[in-house]
Amino acid sequence: MADTLLWLIALPLTGAVATLLLPRQANTIANLSAAATAVAAGFMVHAVYVHGALHYAIGGWHAGLGIALRADGLSALLLLMTALVMLAATVYAGAYFSTAGQRRQLWPLWLLLWTSLNALLLAGDL
């Protein structure tokens, strides 16, 4: 269950890298990454509701030496709200930015912003 915390950071980060490597499919990749991240946020909210607060130490190193991720009720709801707003904005932005060049520049930055927001909300060692 705690692996879901890592997916919330890995999915938009992977999408950002993929939009840089495949600029012609950037719009599709961004929409798929947004949908997958929103679904992962939903799973994480359910896991927090069922099991309580989730903890994950990246690489097995605990806070102080490594990066600790933590999700409780408040951070889970904030992550779900962020995911739903970002998903809606992603779908809208695909139609709003008319040229492919504008979208190619937008998607990597947009998905990296989403990655950083998720990492900030999941940071367990602040």
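Everything numeric here is computed off the predicted structure, so don't read it as measured data.
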query = For the atom pair OG1 (Thr90) and CG (Leu111), what is the distance rounded to the nearest 0.5 Å?
reply = 6.5 Å

ask   = Where the side chain of Thr37 meets the backbone of Ala34, is there a donor-acceptor pair that is under 3.5 Å apart?
value = no

query = Between the side chains of Thr115 and Asn118, does any donor sit under 3.5 Å from an acceptor?
reply = no

query = Is there a side-chain contact between Asn31 and Val91, using heavy atoms and a 4.5 Å cut-off?
reply = yes

query = Can you hop from Leu6 to Leu122 via hydrophobic side chains spaced under 4.5 Å?
reply = yes

message = Could you report the tightest heavy-atom contact between Trp114 and Pro12, atom names first, then the distance?
response = CB-CB, 4.3 Å

task = Flag the pair Leu54 / Val48 as yes when at least one side-chain heavy-atom distance between them is below 4.5 Å, and no otherwise.
result = yes

query = ring pair (Phe, Tyr, Trp, His ring centres under 6.0 Å) with Tyr49: which residues, sequence neighbours excluded?
reply = none

request  = Flag the pair Asp72 / Arg70 as yes when at least one side-chain heavy-atom distance between them is below 4.5 Å, and no otherwise.
outcome  = yes

query = Hey, any chance Leu113 and Leu109 share a hydrophobic cluster, counting ILVMFWY side chains that come within less than 4.5 Å of each other, even indirectly?
reply = no

key: Option from Val17, Thr19, Thr14 for which side-chain contact (heavy atoms from CB on, under 4.5 Å) with Ile29 holds   = Thr19

ask   = With a 4.5 Å limit on heavy-atom distance, are the side chains of Leu8 and Leu69 in contact?
value = no

message = Looking at every non-hydrogen atom in both residues, tell me the closest pair between Thr4 and Met44 and how far apart they are.
response = CG2-CB, 3.6 Å

task = For Gly15 and Ser33, work out which heavy atoms get closest and say how close.
result = CA-OG, 3.2 Å

message = Could you see if Leu13 belongs to whatever hydrophobic cluster contains Trp110? Use Ile, Leu, Val, Met, Phe, Trp, Tyr and a side-chain cutoff under 4.5 Å.
response = no

query = Is there a path from Leu87 to Tyr92 through hydrophobic residues (I, L, V, M, F, W, Y) whose side chains come within less than 4.5 Å of each other?
reply = no

message = Please report the interatomic distance CG(Leu117) to CG(Leu78), rounded to the nearest 0.5 Å.
response = 10.5 Å

ask   = Between Val50 and His46, is any pair of side-chain heavy atoms under 4.5 Å apart?
value = yes

request  = Grab the two heavy atoms, one from Ala16 and one from Pro108, that are nearest each other, plus how far apart they are.
outcome  = CB-O, 3.8 Å

message = If you compare all heavy atoms of Ala36 against all heavy atoms of Leu11, which two are closest, and at what distance to 0.1 Å?
response = O-CD1, 3.6 Å

request  = State yes or no: do Trp7 and Leu5 share one hydrophobic cluster built from I, L, V, M, F, W and Y residues joined by side-chain heavy-atom distances below 4.5 Å, directly or via other members?
outcome  = no

request  = Measure the spacing between OG of Ser116 and CG of Leu121 and express it to the nearest 0.5 Å.
outcome  = 9.5 Å

